[in-house]
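All values below come from the heavy atoms of this structure, side chains included, with hydrogens, waters and symmetry mates left out. Residue numbers begin at 1 in each chain, while the letters A, B, ... track the order of the sequences. Only a predicted model underlies this, so the values are computations on that prediction, with no experimental measurement involved.
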Amino acid sequence: MIPERLRSNLKREFDRSLLAKLGLVLLVGVLLMAVFAPIIATHDPTRTGYVDENGNEYPPRGAEYTTQIGEDGEFVEVEVEPNEEHLLGTNNIGQDVFSRFVYGARTSLLVGLLGTGLAVLMGVPFGLIAGYYGGRVDDVMMRIADVMLAFPSLVLALALIGVFGTSGIGVPDPIVMAGLADGMPESTAIPGTVTIVVALVTWVWFARVARGEAMSVRTEEYVKAARSIGASDWTILRRHVLPNSLTPVIVLATIQVAAVVLLESSLSFLGFSGTTLSWGYEIQRGQDYLRTRWWIATIPGIGIVLSVIAVNLLGDWLRDALDPNIEGERG
Amino acid sequence: MTTPDDILRVRDLSTRFFTQEGQINAVSELDVRIERGEVFGIVGESGSGKSVTARSIMDLVESPGRITDGEIWFDDAELADAVGDDYPDAVDGTLVNLLELPERVRDSLRGTAFSMIFQDPESSFNPTLTVGEQLAEAVEVQRRASANPRSTRARTREYSLASYALSTVLPSRKYVTPESRERAIELLELVGIPDPVKRADEYPHEYSGGMLQRAMIAQALAGEPDVLIADEPTTALDVTIQAQILDLLDDLQAETGMTILLITHNLGVIARMCDRVGVMYAGEIVERGTLADVFDDHVHPYTEGLLGSIPDLEGARGRLEPIPGNVPSLLDEEMADRCRFADRCPKAMEDCLEHPPEYPAAGSDHHEARCVLAETTYDETRALSEDHFGETERPAADKHAGPEEPDEEPPEEQSHPPTETTGGEHQ
Amino acid sequence: MALGKFLVKRLLQGVFVVWGVVTVMFTLRAVSPGDPANLIVGEAADPHLREQVREQYGLNEPIYVQYADYLQGIVVGDFGYSFQSGRQVEAMVIERVPATLELAIAATIIAILIAVPLGVISASRRNEPADYGATMFSLLGISTPNFWLGLMLILLLAVQLGLFPTGRRPVGLAEALTALATTGYATGLVVWLKHIILPAITLGTYFTALITRLTRSGMLDELGKPYVDATEAKGLPAALIRYKHVLRNTMIPIVTVLGLQLGTLIGGAVITETVFSWPGLGDRLIQALNARDWPLMQGIIVFIGISFVLINIVVDALYASLDPRVIDE
């Protein structure tokens, strides 16, 4: 599917770019972490308990911790500094920060990949049709795109969430189902609304790129020739225009995954997420404890930075090797 | 080694490109002697190293290319005087070896000692500044240089970021002065651009190709250079415009008496313009001499091939017929120590397996050829077999005509490896 | 003349875009679940009162009448009334503009002052340590979520080192300047400055990184163009070539990219303001969102849309005046 020339370009760029290799290692790391989260995590990330079934195992004896007693006599805040049991400490309600860090990769990558995929499915056909037909059709469609661009993506996403709310779709966790991990949540929540919303606010960049490609292909001789022998518009779009726009779309999609991961983290930081197992959400939680428990907000941020760097490095590699001319926006 | 009326003498010049694929010998041990006031032509196929030669003289060779060896002696008493104390090795009488001078001194010769006309006028002007402004800059270079000749040594240091920053705020500190703008308009008029006052305020994209090439000639003349290097000055132009541009160059040369180094793949242009000519092949000059020597008494089979089918020598339409075989690889590792043309030569003999020196040839004193045929006659019994160089096609007599490939210089191309970055925006 | 025509065309397109933004927002509001009256008077309110409120806010009109009314209001600058506070939306928007503007401008200044020189150095010392440093910096900058960066800055510089204050700023630029003019004391200005530095860095880092990248790659592209050789051949001083020719041509397209990135700047401002309790539009937008205060939310977003359109027209005009080829195309 990939032409030989492109493949050799990809390989050459990869061989000479240390950063591309770093990006690949990072990305594989984050992906493994996301997929095998139940195995890697040391604790159930959703478990808030200070007191376990036996009554006194959390926090482990000797660990430095603070507790507060709520009005009805329950412990409502338990914070534990990093120790042997809790590698990165616990958050304000006693959840294991390391385990939540591991699971957070799932949310980021799921939203990043699904949201971008959805945006490609929306934006590319839109752009191809606008660019291929040109004229009035193009005018109207591009004005619609202009309207979309006038909304900052985060702001539009917030407005859309204001309408549709946030919801998560619970999906059974295959690793746990396969019996590879004990004591972990049996299902993972995909933040459905957020995924759709990020696609709704980013598809327009794909439309612009696809349109540009379609416009340049439209005037090529072989397209004219195909038309002259009676090929239908649909056939031409599918056989000639779409394949030509693939390269820039792939590169843009890579970069957009990074943008969507950032957008998702921003939304969950603001409290709009379909799941609490999200890096952004965790940072927001840690915001109030900066003075005393700095790790709660710090650790998840490192996760975001590393995954976004990984995707950006891969995007740079693809862009250098494939050399399309594109633009996009961060959320 | 010097003749009094030589303005430029290039000796043993080697320019190489150090690419990922290996070392490319774009120009190898090249000797050229150019007399003051003459028009010297260099002709050759794409990738023969003629443009690299020009750029080497201008010091415009870019990384990963580098002049690795040789001397470029330039006759300029004033310069010799100015640099004699600091760089005694670089000076011999009134001659100065430019390659012995530091970069900043060499740079200071651009525009005033040497200037250059490029192949494609449309991409050789900055698209966002008016033509008048760009001409005025060239005038300004000359104006500042002549105001203080000795300062040529440090001229490039004079202007810094601070100067530019200041000039964006204070109009009086602008690099280009009103006088230079006046002069730019005169220059436009000189090269035959109608309504120069108005045209000076127009941008390059508002000019036609021919007009823009005239403007580029005007720009090259602004510094009143001693040597004008014209690198394919007519290649990018329409046929009818080509003749006009050549006429213009001819007139200007007659008027100013400047020396012109004309680089072209077009023998018609050579015949029309030059006094003497050198034929370049694979980074070296294979035959040189007066027009008569090269056109009528040529020795080298490559020259023969070049002349093979020129439809009309007088017009500017002469096009090279492709010579059978591939353009030779200039990769160091692939270059054998033999006549570089042997694998395409219809008259290759056993003698050709040794790299030939330049032999004097019949005709004028200037006539030399890098070919054993200057000394001996072709002897079929010693001819190399057809498949001596593997699969390379080497047909003898019948040649097929066809248009030449667009003129590109492969070593040049390789001098810009794919950059690590591209334009466009991220995220 | 040509520029005028170009601007008129862009202005007409801009009007269309603003209309589109208004319509999208109105549609979102119309399809959003829940009775707005509940948001104003509460679900348990007396039906009479509720009916009164519906009447007052025009919620009983058919939807197309509400739409027409809203559009008409926008044209004359009437954005309706906030559900929550009952105040005029336009007033609630306008009073928050200066803080956001101060923040955005400060961030932009920081970004340009750092990024352009960094990009130039990076491009002119390609593959040297300075270039690698700048590349790593810009990679980190575009990959760091600004809310986290803000928290880390607070943690390190404000909490640990105590260099900067935390909490909401007590004084805006206008007040600080008024105080300076009337009393002659600059203390207010200093307080303002101390409060704006961290948010401005937070918001500006992404742009610094982005502009550094764009400048570097744009300059490398530009340096490879034939006109640069021609300019060198003329004998122009290197600094003149680098700045007047190459950098200038590099920055022209970057300006338009930044115009399009204005959305990112505003989105970033929303988050930054939340982190630093900065009393700007973004802060108010989040409040409105949490309270489901649709008129206010709508007003803020439409205002942002109008600003986006206007600024991009200015950017286009700037582009056209810098690169003469644009209009002729």
Side-chain angles (χ1 to χ4, degrees), chain A residues 19 23 142-144 146-165 201 255 258-259 261-263 265-267 269-272 279-280 283-284 286-287 290-291 294 297-298 300-302 304-313 316 319 327-331, chain C residues 13-14 16-21 23-25 28-29 31-33 135-136 139-140 142-149 151-152 154-155 159-160 166 206 210 257 260-271 274-275 282 285-286 288-290 292 294 297-298 300-301 304-306 308-309 312:
Chain A
L19 289 177
M142 279 303 111
R143 289 296 85 74
I144 293 174
D146 283 349
V147 171
M148 297 304 296
L149 283 173
F151 288 103
S153 40
L154 178 71
V155 170
L156 182 59
L158 289 173
L160 287 169
I161 286 173
V163 176
F164 300 113
V201 302
I255 298 169
V261 168
L262 285 171
L263 182 59
S265 71
S266 298
L267 288 172
F269 174 75
L270 292 172
F272 304 102
W279 285 332
I283 293 173
Q284 186 231 356
Q287 191 179 6
L290 273 186
R291 279 170 201 279
W294 54 269
T298 306
I302 294 172
I304 301 173
V305 174
L306 288 182
S307 352
V308 176
I309 284 186
V311 179
N312 273 331
L313 286 176
D316 284 354
R319 193 187 48 182
E327 26 180 288
E329 189 203 30
R330 177 169 105 149
Chain C
Q13 286 177 358
F16 175 84
V17 169
V18 171
W19 170 77
V21 169
T23 306
V24 169
M25 285 313 296
L28 286 182
R29 174 185 177 176
V31 300
S32 73
T135 307
M136 289 315 293
L139 180 65
L140 270 175
I142 57 164
S143 304
T144 306
N146 52 9
F147 57 90
W148 184 71
L149 176 68
L151 289 178
M152 292 300 108
I154 292 175
L155 177 62
V159 174
Q160 297 290 326
T166 56
Y206 172 74
L210 180 71
V257 171
L260 281 175
Q261 290 283 341
L262 197 69
T264 313
L265 184 72
I266 295 170
V270 170
I271 286 254
T274 313
V275 172
L285 177 66
I286 298 295
L289 191 71
N290 282 324
R292 298 192 150 260
W294 273 98
M297 216 165 101
Q298 213 170 350
I300 293 173
I301 296 178
I304 290 173
I306 294 173
F308 180 90
V309 166
N312 269 292

Exercise for the section: Measure distances from Val275(C) to the heavy atoms of chain A and classify the residue's part below 4.5 Å as side chain, backbone, both or neither. Expected result: both
Exercise for the section: Below 4.5 Å from any heavy atom of chain A, which atoms of Trp19(C) appear? Answer side chain, backbone, both or neither. Expected result: neither
Problem - Side chain, backbone, both or neither of Leu267(A) within contact of chain C (heavy atoms, under 4.5 Å) - result: neither
Completion exercise
Here the gap from Thr166(C) atom OG1 to Leu290(A) atom CG, rounded to the nearest 0.5 Å, amounts to 10.0 Å
Handout entry: Non-hydrogen side-chain atoms of Pro145(C) and Val305(A) separated by less than 4.5 Å
Key = yes
Practice task
Applying salt bridge (charged side-chain N to carboxylate O under 4.0 Å, His left out), name anything that partners Arg143(A), two or more places apart in sequence or on another chain.
Solution key: Asp146(A)
Exercise for the section: Could you pull out the closest heavy-atom pair between Ile301(C) and Ala159(A), with the gap in Å? Expected result: CD1-CB, 3.8 Å
Problem - Nearest-0.5 Å distance, CG of residue Asn312(A) to CG of residue Leu139(C) - result: 6.0 Å
Completion exercise
Of all heavy-atom pairs linking Gln287(A) and Thr274(C), the shortest is NE2-O, 4.4 Å
Problem - Close side-chain approach of Ile304(A) to Trp148(C), heavy-atom, < 4.5 Å - result: no
Problem - Note, Phe147(C) side chain near Leu270(A) side chain (heavy atom, < 4.5 Å) - result: no
Practice task
Kindly compute the distance separating CD1 (Ile154(C)) from CZ (Arg291(A)), expressed to the nearest 0.5 Å.
Solution key: 9.0 Å
Completion exercise
Ranking Ala310(A), Ser265(A), Ala157(A), Gly286(A) by heavy-atom pairs under 4.5 Å to chain C gives rank one to Ser265(A)
Problem - Interface moiety of Leu285(C) toward chain A, non-hydrogen atoms closer than 4.5 Å - result: side chain
Handout entry: chain C contact via Leu19(A) - which portion, at a heavy-atom distance below 4.5 Å
Key = side chain
Problem - Residue Val270(C) versus chain A: region with a heavy atom under 4.5 Å - result: side chain
Practice task
Indicate yes or no: at least one non-hydrogen side-chain atom of Leu158(A) is less than 4.5 angstrom from one of Ile286(C).
Solution key: yes
Handout entry: When Ile283(A), Ile161(A), Leu306(A), Leu313(A) are compared by non-hydrogen pairs under 4.5 Å with chain C, the top option
Key = Ile283(A)
Practice task
Provide the closest heavy-atom pair for Ser32(C) versus Val163(A) in the form atom of the first, atom of the second, distance.
Solution key: CA-CG1, 3.8 Å
Handout entry: Heavy-atom closest contact (Ile271(C) atom, Phe269(A) atom, distance)
Key = CD1-CD2, 4.2 Å
Practice task
Flag the pair Phe16(C) / Val147(A) as yes when at least one side-chain heavy-atom distance between them is below 4.5 Å, and no otherwise.
Solution key: yes
Practice task
State, yes or no, whether a side-chain contact exists between Leu262(A) and Tyr206(C) at a heavy-atom distance under 4.5 Å.
Solution key: no
Handout entry: Atom pair CZ/CG of Phe272(A) and Leu289(C) - distance to nearest 0.5 Å
Key = 4.0 Å
Handout entry: Part of Asn312(C) lying under 4.5 Å from any heavy atom of chain A
Key = neither
Practice task
For the residue pair Val24(C) and Phe151(A), establish whether any side-chain heavy-atom pair is separated by less than 4.5 Å.
Solution key: yes
